[in-house]
Amino acid sequence: MKFEESKYFKLLRNSKIEFSFGNFFFLDKFVISEVHEGVHFSWENIERVISAIADHYGNDFKIAFLSNKINSYSIEPQNWICFYNQYDFIFASALVPYSELSFQNSSMEKKIAKNPIKICETLDQAIEWILGLKEFN
C-alpha cells in the first residue's frame, strides 16, 4: 500500500518530495521512502535524498526511516555500508517488503545496519512500530 493511500497520510503531518527515482514523505521525526519501479537507487540518488532530509530537518537531526518497498528496484549493498560509515542520523528503520525478493534484500539490509531495523508485514505495522519508539515519547 502506498503511503498516500493509507489512513496515516491524512492523520500525520507530512511533506512530499518527488524525485525522478521515487517519492519521499517527511514527517515529524521520520521519513517514508517509496522508490519507483525498476530504478537503480544509486549513491548519487542517496546523496540527493540526504541533502533534502538535511534541508528539511536542519542541523543535528535524528530520524527514523521507513522504506515502503512497494516497487521492485535495485541498490548496491555496499552503498548501505558506505552510508552507515559516513552518516549517523538514522536511529531506527522499518522495512515493508511486498515480495520474497524484497524480503530477502531487507533481511540482508538488516544484517548490515548499525541501527535497529524491523521488517514489517504492512505499512500500518511499520508506522505504529516507529511511533512507539522511545525517541517519540
For side chain to side chain contact (heavy atoms under 4.5 Å, CB included), just list the numbers for F19 and N45, CA-CA rounded to whole Å, side-chain angles, deciding distance to a tenth of an Å, and then say yes or no. CA-CA 9 Å; F19 293 100; N45 294 343; over 6 Å; no
Under the side chain to side chain contact (heavy atoms under 4.5 Å, CB included) criterion, do V35 and N71 qualify, and how do the steps go? CA-CA 7 Å; V35 177; N71 296 309; over 6 Å; no
Determine, stepwise, if the pair N115 / Y84 fulfils side chain to side chain contact (heavy atoms under 4.5 Å, CB included). CA-CA 9 Å; N115 59 307; Y84 289 115; 3.2 Å; yes
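Between K29 and E135 the shortest heavy-atom distance is NZ-O, 3.1 Å. The two residues N68 and M1 make their nearest non-hydrogen contact at ND2-O, 2.9 Å. Nearest heavy-atom pair across R48 and F21 is NH1-CE2, 3.6 Å. The shortest heavy-atom contact between S33 and F24 is CB-CE2, 3.2 Å. The nearest pair of heavy atoms linking H40 to S74 is ND1-OG, 2.8 Å. Closest non-hydrogen pair, S6 versus D124, comes out as CB-OD1, 4.4 Å.
For E5, the CD atom counts as densely surrounded, since its 6.0 Å shell holds more than 12 non-hydrogen atoms of other residues, nucleotides or ligands. Residue-environment remark: NZ (K16) exceeds the threshold of 12 foreign heavy atoms within 6.0 Å. Within 6.0 Å of atom CD in E4, more than 12 heavy atoms from other residues, nucleotides or ligands are found, so the atom counts as buried in its surroundings.
In this structure, N14 CG and Y8 OH are separated by 13.5 Å, a value rounded to the nearest 0.5 Å. Of the inter-residue distances, the one linking L66 atom CG with L95 atom CG reads 8.0 Å to the nearest 0.5 angstrom. Interatomic distance, OG1 of T122 versus CD1 of I127, reported as 8.5 Å (0.5 Å rounding). Taking CD1 from I50 and CG from D55, the interatomic distance works out to 12.0 Å, rounded to the nearest 0.5 Å. If you take CD1 on I70 and OG on S99, they are separated by 12.0 Å, rounding to the nearest 0.5 Å. I117 CD1 to S93 OG: the interatomic distance, rounded to the nearest 0.5 Å, is 4.5 Å.
Within the structure, the ring-ring contact (aromatic ring centres under 6.0 Å, His included) test picks out no pair touching residues 94-133 (sequence neighbours left out).
Each of F89, F41, F65, W43 was evaluated against F83; a single residue qualifies, F89, per the ring pair (Phe, Tyr, Trp, His ring centres under 6.0 Å) test.
Between the side chains of Y73 and E34, no donor N or O sits under 3.5 Å from an acceptor N or O.
Residues P97 and N105 fail the side-chain proximity criterion, which asks for heavy atoms closer than 4.5 Å.
V31 and Y87 fall within the same hydrophobic cluster, where Ile, Leu, Val, Met, Phe, Trp and Tyr residues are linked whenever their side-chain heavy atoms come under 4.5 Å apart, directly or through other members.
In this view, F3 and F9, F25 satisfy the ring-ring contact (aromatic ring centres under 6.0 Å, His included) rule, not counting sequence neighbours.
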